[in-house]
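I have placed the structure first, in the form of structure tokens, so that the comments after it can refer back to it.
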Amino acid sequence: MSPALEVSGLSVTYRDGTRALRGVSLTVEAGERLAVVGASGSGKSTLARAVLGLLPRGALAEGSIRTDGRPGYVAQDPFTACDPLRTVGHHVREAWRAAGLRAPQGAAEAAVAALSLEVAALAEHPHQWSGGMLQRASIAAAGALSPALTVADEPTSALDADLADEVMAALGRSAGALLVITHDLRLAARWASRVAVLCEGGVVETGPADRLLADPRHPHTRALVAALPSASGGRAAPQGPALVEARNLARSYGARAAVRDASLAIGAGQVVGVHGRSGSGKSTLLRLLAGLEPPDAGTLRLPERRPGWVMPVFQDARASLDPLWPIWRTITEPLTGLRAARRRARAVEALASVGLGHLDPRTRPGRLSAGQCQRVAILRAVMAAPALVVADEPTSGLDTVAAGRVAGLLREVAEGGTAVVVVSHDLDLLGGLCDDVHEIRDGVMTP
Amino acid sequence: MRRLLRLLASAAGTLLAASLLVWGLAELSPGDPARQVLLSRGVAVPVETQIEAVRAELGLGDAAPVRYARWLGGALTGDLGSSWRTGRPVTAELGERLPATLRLCLTAVALAILPAFALAFAGALGRHRWPDALSRGVMFAGAAVPSFLLGVALLEIVVVRWGVGRVVADGGWADTPLPAATLAAGIVAQWARVTRGALIDAASAPFADVSRARGSGELRVLLVHGLPHAAPPLLAVAGMTVGGLLAGAAVVESVFTWPGVGRLLVEAITARDLPVVQGCVLAGVLAFLAGAVAADLATRAGDPRL
Amino acid sequence: MSIDVKRPFLAVALLASLAACGAQEPVAQARLRVVTPYSVKSLDPIKQGFWASEWGYGELLMRPTERGTVEPWLLASLSRQGESAWTLTLRQGVRFQSGRTLDAVALKELMEAHLARNPAVRSALEGAKVAVTGPLAVRLETAEPVANLPSLLADESMFSVFDVASGTFTGPFEVKSLDSRKLVLARDPGYWGGKVRLDGVEVRFVPDGQARTLAVRSGEADLAFYPPTDALRTLKGDARVSIREAALATGQLRGFLNVRKAPLDDSRVRRALSLAVDRKELAETVMDGFYRTPSGVYPEALPYSVKNLRTELPAAERLLEEAGWRRGADGTRARDGRPLAITINAYSPQPDTKPLAVAMQAQLAKAGFLVKVAEVPENYAAMRSADGWDVGLSFDGSLSYGFDPVAPLAQMMRTKGPRNLGGIADPGLDQVIDGLAGAFEPAERDRLLREAQRVAVEEQAYHLIVVDRVPRVVAGPRYRDYRPSSVLLHLDASTAPCGDSCGS
Amino acid sequence: MRASLLAGTAAAALLAVLALAGPLALPDPDLPDYAAKLLPPSAAHPLGTDQLGRDVLARLASGARVTLGAALAVTTLGAAIGVVAGGVAGYARGPVDAAISRVVDVLLAVPSTLVALAVVGALGPGLVHLVLAMSVAAWAPVARLTRSHVLTAATRPDVVAARMAGVGRGRVVLGHVLPGAFLRVLAVAALGLGETIIGLSGLSFLGLGAQPPTAEWGQMLAESRYDLASSPWLLAGPGVAILVAVSAAGLLSDWLGERL
């Protein structure tokens with residue numbers, strides 16, 4: 001039997017001259033599951049697009065890609081992968097129509113039913129579906145014509161952790177051979193039989209998932225593994241008086257109670273995590289702690305009220321920097337009293353201290369990566385000499401390496417004697433970073 | 001249903017505020033209405049008692065709110081006063097001119113749709129290649145060529161040189177194509193730009209990539225996914241242009257001596273015939289709001305998320 | 001580039017227009033299509049009666065001729081009976097379009113209707129009485145002597161002749177329809193004056209001057225009335241159309257002079273002003289010959305006209321020197337430190353006034369005037385204020401449409417006359433004008449008119465006559481021999497296309 | 001996008017040279033010369049002469065000052081009023097915001113040409129009135145833009161961070177809010193400039209704006225429409241000038257829009 005995918009010597013150069021892939025060779029045997037893992041910018045998306053024939057106009061591809069028929073495709077975010085103006089049924093049936101075929105009677109229904117989805121809901125529009133279900137519908141559509149190969153590009157990254165497994169299981173059931181593109185090494189290890197590590201456009205290491213995790217050989221792979229938050233986590237909480245103490249906080253917006261009962265104590269040098277799904281009230285809690293809005297009930301004891309004693313780190317790092325300002329101005333914004341030259345020097349020092357010394361302090365945020373932006377944002381927070389830093393999903397949207405760097409930086413901030421609160425839906429992150437993790441569910445916090 | 005009511009209530013509020021502005025403008029205007037009314041009745045050199053009589057008749061001595069309320073009351077019951085120029089009721093003048101303007105605007109819209117879509121599709125299909133450049137060029141030219149220049153040229157070349165169509169339009173269907181085409185030229189560019197943008201947005205969305213990965217060609221992607229996404233913004237702009245055509249038609253109607261509301265407005269301004277100016281502007285506001293409400297409803301009907 | 005894409009809908013437009021043209025019925029050979037700016041608002045024979053004689057669906061009792069005289073039209077004769085009474089004898093066999101005969105009774109009815117409701121008639125014939133004296137004769141008795149009655153009866157704004165019972169007229173054409181866009185006329189088969197040559201006439205109201213001339217160029221219309229001067233100039237050399245002009249110049253561009261204030265309160269300055277204006281250059285060079293050079297206040301063809309307008313710069317300078325205005329270093333004259341400055345008002349509804357004013361500015365500068373040209377939206381309104389202007393340009397004829405010279409004179413130059421806008425108060429001139437009202441003998445009338453011209457033009461120069469305007473039309477090929485009327489009687493039974501003789 | 005910047009700047013520079021250098025190098029645009037009427041283009045008169053023998057190029061240059069000057073006046077006036085009104089509405093909130101927003105809503109709910117026609121209808125035709133009238137219509141979109149910019153600014157992460165760091169309100173406005181608003185307003189204004197040029201010359205063409213003998217482009221076209229058949233150069237000059245000016249504004253606006 002011929003392999004489901006055979007890529008040999010594939011190089012891709014974009015129109016602007018960027019070389020995204022350099023001589024990549026890969027094979028996916030029939031029935032095999034290969035995960036391609038890499039940091040953002042490693043070329044893994046280009047690889048997926050090349051296999052699917054979706055390279056943009058003007059991109060130059062050399063080498064060869066051989067597939068056994070047209071591959072099925074599962075995209076990253078099910079909501080953007082489905083036309084919001086069309087029904088889910090249309091989305092599934094398009095698998096046949098786009099190939100110039102007529103969907104056999106009942107075939108779409110059978111495909112979604114096979115993944116335990118409700119057939120009646122096919123007449124609904126995507127926004128009426130949940131993300132996990134919609135992604136399973138996409139998987140059903142990808143497998144509709146029984147392709148020899150299915151390409152899945154970050155199929156779970158838009159989903160909550162407990163839905164990811166469901167989706168991966170569905171993918172495993174419906175696909176023949178599978179090529180999964182992911183930044184998540186742990187996910188790759190769990191679901192793929194073989195992992196290829198992509199770095200700067202080239203495959204640096206290939207091997208069975210277990211071996212790669214246990215014994216990474218290439219330095220890049222080692223960095224990826226090292227950046228994984230250790231599941232065991234749990235550091236000894238440093239003893240000390242609580243710096244910030246919240247008791248029975250509550251906050252409602254109109255009829256909707258966002259936070260119903262939350263109590264928390266944070267000491268200097270401590271990192272406290274708050275875990276919860278979206279809509280559980282964690283962002284509101286954070287705003288209460290940051291003093292951005294007053295609680296309806298409960299008490300909040302804060303050490304002092306000088307400006308800058310509490311500083312935020314936001315979810316969308318790039319949006320949190322003024323796009324028109326050079327980064328040195330953003331970093332040193334809290335230092336309102338100093339002259340520009342002095343401030344610039346401080347910014348250069350600060351950048352060097354977090355491994356961004358190579359950046360020109362006059363750069364504007366538009367030219368930085370998301371991870372670099374987040375580090376700049378943390379520098380701005382630190383510059384105000386805060387007693388408390390509140391971080392809201394500080395690593396969302398970042399690749400593993402960048403997320404690891406940001407987490408490390410937050411840890412350093414805490415070690416400097418600042419209290420840090422991190423809220424996230426990512427238990428792995430919190431486990432590796434925090435001294436103490438609380439869970440919040442429907443506005444009620446449990447220790 | 002509640003949404004529709006809210007929409008209508010908001011439109012009514014805007015209309016009310018606009019009516020205050022329209023009325024207030026006339027109040028600010030220099031000149032004595034009584035003299036103008038007398039002039040319209042053939043009294044060129046009135047004596048003081050005549051002026052006083054007309055002032056009393058028009059209630060010019062009353063307080064401003066009283067006058068506004070009376071004017072608004074009249075407007076709501078279809079009485080916008082009488083033209084200072086002809087002495088006829090403004091509503092009669094408007095009613096006489098409205099069909100010609102409607103005919104012109106509807107024809108212009110009908111003429112604009114196909115070229116607008118053709119340009120937009122050429123641009124979206126041939127993105128970054130010559131068809132796109134061509135369609136962008138046409139759009140730019142369409143937006144930059146003033147309609148009065150186009151109209152004058154069409155009149156000279158098509159009608160006078162080639163003898164096709166008529167110079168003095170009487171507002172019937174037979175005379176409509178040329179002025180409608182002139183009016184459409186400006187709309188085409190605007191619509192094509194909006195449609196092209198929406199098509200390109202839809203074509204670069206992830207769901208379009210999914211469709212392509214499944215084997216769809218570009219044309220199929222644009223037809224199946226692009227069109228539904230281009231419809232709402234196009235409808236919104238179309239509603240506004242159709243409603244706003246009355247103002248745009250003023251220029252075209254004047255060039256082609258089209259007996260419509262737009263030319264009536266220009267004639268009334270030149271003759272300082274304020275009641276007619278007020279009537280035309282109010283009619284324009286009404287048309288524009290109707291267009292906006294219709295576009296809003298159509299957009300909502302077309303998007304399941306709303 | 002743009003042609004490529006616009007072609008489809010242009011083609012659609014063209015096809016549709018072609019189809020539309022094909023659908024139109026072929027124009028009958030003897031059907032005249034006219035475009036004019038002024039709309040006939042209604043068929044009311046009193047308020048809008050003047051349109052009837054202009055467009056040939058009605059007639060007058062007397063007819064103004066192209067020689068500047070008046071002659072009986074629907075009347076057979078008009079004779080004076082003493083100081084303040086006249087006998088009007090009707091022509092035999094005149095019929096209204098309703099079929100009724102125009103007899104003395106019908107005439108009395110219509111004259112009484114005019115006397116009751118027509119303000120123009122009422123103010124001219126206050127207290128007049130009409131009595132039937134024979135089957136075709138009525139006697140008109142007026143409170144005061146009215147020497148100009150023949151002209152009044154020939155004036156379109158006075159006695160339009162209509163049947164009081166049915167509202168119909170006597171003209172060669174019947175009104176088929178009238179709306180705000182057009183007037184459609186058809187031949188009256190029973191016209192009393194014999195065969196009407198045209199089958200019908202369509203008069204369309206097109207305010208835009210460009211559109212009117214274009215309509216003739218494109219063949220949509222045969223005659224365009226009141227063509228703007230701008231449009232005429234561009235028609236020179238266009239073989240498809242011809243510009244036709246009337247015999248007499250009945251309209252004039254004149255400057256009303258503000259004699260209430262300096263510097264034009266001094267007759268020497270006014271005379272200098274008149275002498276410094278080169279009317280020939282204005283009419284022939286500035287206006288491309290679309291105006292005529294006036295030699296006096298009245299057309300030369302009239303027996304009482306005096307040729308007393310001339311251009312003589314040295315004489316103008318002498319007068320100004322005499323009046324104490326001395327030239328300064330920049331050429332402008334001044335007296336007691338005040339410059340010889342005047343403001344000329346042009347008015348926007350008559351765009352030609354602007355270039356004429358600008359040209360006069362240059363001409364008058366040679367005599368030492370400092371001229372400011374102002375543009376006002378309405379000529380009379382601006383002149384109603386006593387200040388802010390010196391010369392107010394305005395198109396006002398010295399003759400009424402019934403060739404009456406007296407009424408315009410009385411209105412514009414008599415003390416407190418309704419159109420005496422410059423504040424002329426000249427007892428001598430008033431006396432002459434009053435004398436004219438009772439001057440029944442032509443010789444006496446002509447003498448007084450010459451006297452009035454001597455005072456008003458030579459001695460006092462109360463008005464500045466600038467140029468003469470001749471009625472013109474733009475005619476298409478089939479009407480290239482159409483002769484426009486000097487007095488707005490555009491159509492009659494003999495109006496017809498020129499036939500084979502001019503077809504080539 | 002580079003191309004649009006280059007083309008736009010080149011066109012704008014051309015017009016600026018025409019407008020500014022015109023009076024130095026060209027004959028008097030308003031002085032009639034009856035001996036030289038309606039001459040076709042020649043070395044002495046590169047664009048020919050008009051009905052009164054005036055040099056068309058000189059009138060075009062003079063018209064550039066009038067048309068572009070008036071359009072710039074409208075745009076500047078509109079932008080200035082809009083920024084102030086929008087800023088005040090965004091910061092003051094409450095009844096002030098409600099009042100300003102209502103007026104803006106109404107103005108935006110009426111096509112701008114109609115607003116201009118209404119105001120000219122009340123004040124009477126004339127260039128100054130037209131500029132006022134079009135400014136009335138021009139400020140509303142700028143006000144709405146500024147207001148929403150100011151309103152969202154309060155919750156923008158960079159602003160929140162600055163406020164939490166103790167940066168004063170005024171400094172936040174000057175540093176974070178206004179510069180961004182300025183760029184946006186500039187892009188909107190550039191787009192509006194093209195529409196204003198078309199509207200202004202269109203209404204002047206109808207006789208509602210500049211009055212003769214002012215050499216305004218639309219007015220020049222109105223004066224010359226009769227001469228299209230016999231002297232087409234009279235229309236070519238102002239026609240092409242309007243085209244170039246509107247395209248320049250459009251190109252520059254495109255470029256600014258892409259930068260945001």
Side-chain angles (χ1 to χ4, degrees), chain A residues 15 45 48-58 67 69-88 90-101 123-129 134 137-139 141-145 147 149-154 158, chain B residues 121-133 135-136 194-236 295-306:
Chain A
R15 188 140 74 167
S45 292
R49 299 187 73 85
V51 170
L52 292 164
L54 293 178
L55 287 178
R57 178 178 306 284
T67 56
R70 185 181 292 283
Y73 173 40
V74 178
Q76 180 169 7
D77 180 348
F79 287 110
T80 61
C82 293
D83 189 335
L85 302 183
R86 300 279 189 182
T87 61
V88 179
H90 179 275
H91 174 62
V92 174
R93 288 187 192 99
E94 196 184 33
W96 282 274
R97 290 198 197 120
L101 305 170
E124 293 177 349
H125 285 88
H127 69 279
Q128 292 161 294
W129 282 48
L134 197 58
S138 285
I139 291 169
L145 296 174
L149 173 74
T150 297
V151 177
D153 185 2
E154 304 271 13
Chain B
F121 266 83
L125 266 179
R127 212 173 162 209
H128 298 312
R129 285 179 302 140
W130 67 266
D132 190 21
S135 88
R136 277 169 68 103
V194 171
T195 312
R196 173 184 174 275
L199 284 178
I200 286 177
D201 280 353
S204 38
F207 58 77
D209 270 347
V210 169
S211 186
R212 281 186 201 106
R214 291 166 171 183
S216 295
E218 275 311 302
L219 190 62
R220 186 180 185 280
V221 168
L222 287 181
L223 285 175
V224 173
H225 297 289
L227 269 187
H229 284 264
L234 180 61
L235 276 174
D296 200 279
L297 290 178
T299 308
R300 280 170 194 285
D303 192 333
R305 289 167 296 182
L306 297 175

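In what follows, chains carry the letters A, B, and so on, assigned in the order in which the sequence lines appear, proteins first and then strands, with residues in each chain numbered from 1.
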Which pairs would a plain distance check flag for residues 295-302 of chain B, meaning a side-chain donor or acceptor within less than 3.5 Å of a matching protein atom at least two apart in sequence or in another chain?
| unit_1 | atom_1 | unit_2 | atom_2 | d |
| --- | --- | --- | --- | --- |
| B/Asp296 | OD1 | B/Arg300 | NE | 2.8 |
| B/Thr299 | OG1 | B/Ala295 | O | 2.6 |

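Taking every heavy atom of both residues into account, B/Val224 and A/Arg86 meet most closely at O-NH2, 2.7 Å.
Only the side chain of A/His90 comes within less than 4.5 Å of a heavy atom of chain B; its backbone N, CA, C and O stay farther away. B/Val221 does not touch chain A: none of its heavy atoms, backbone or side chain, sits under 4.5 Å away. Using a 4.5 Å cut-off between heavy atoms, A/Arg49 touches chain B through its side chain atoms alone. If you measure heavy-atom distances from A/Ala81 to chain B, the contacts under 4.5 Å come from both the backbone and the side chain. Heavy atoms of A/Leu54 lying under 4.5 Å from chain B belong exclusively to its side chain. Contacts between A/Pro71 and chain B at a heavy-atom distance below 4.5 Å involve the backbone alone (N, CA, C, O).
Atom CD of residue A/Glu94 and atom OG of residue B/Ser216 lie 5.0 Å apart, to the nearest 0.5 angstrom.
Note on A/Thr80, A/Asp83, A/Leu52: by heavy-atom pairs under 4.5 Å with chain B, the leading option is A/Asp83. Comparing A/Glu124, A/Gln128, A/Arg70 by heavy-atom pairs within less than 4.5 Å of chain B, the highest count is held by A/Arg70. The residue among A/Gly53, A/Pro56, A/Cys82, A/Ala141 with the most heavy atom pairs within less than 4.5 Å of chain B is A/Cys82. By number of non-hydrogen pairs under 4.5 angstrom with chain B, the leading residue of A/Ala95, A/Ser138, A/Ala75, A/Pro126 is A/Ala95.
Using non-hydrogen atoms only and a strict 4.5 Å limit, the part of residues 202-214 of chain B facing chain A consists of B/Pro206, B/Phe207, B/Asp209, B/Val210, B/Ser211, B/Arg212, B/Ala213, B/Arg214.
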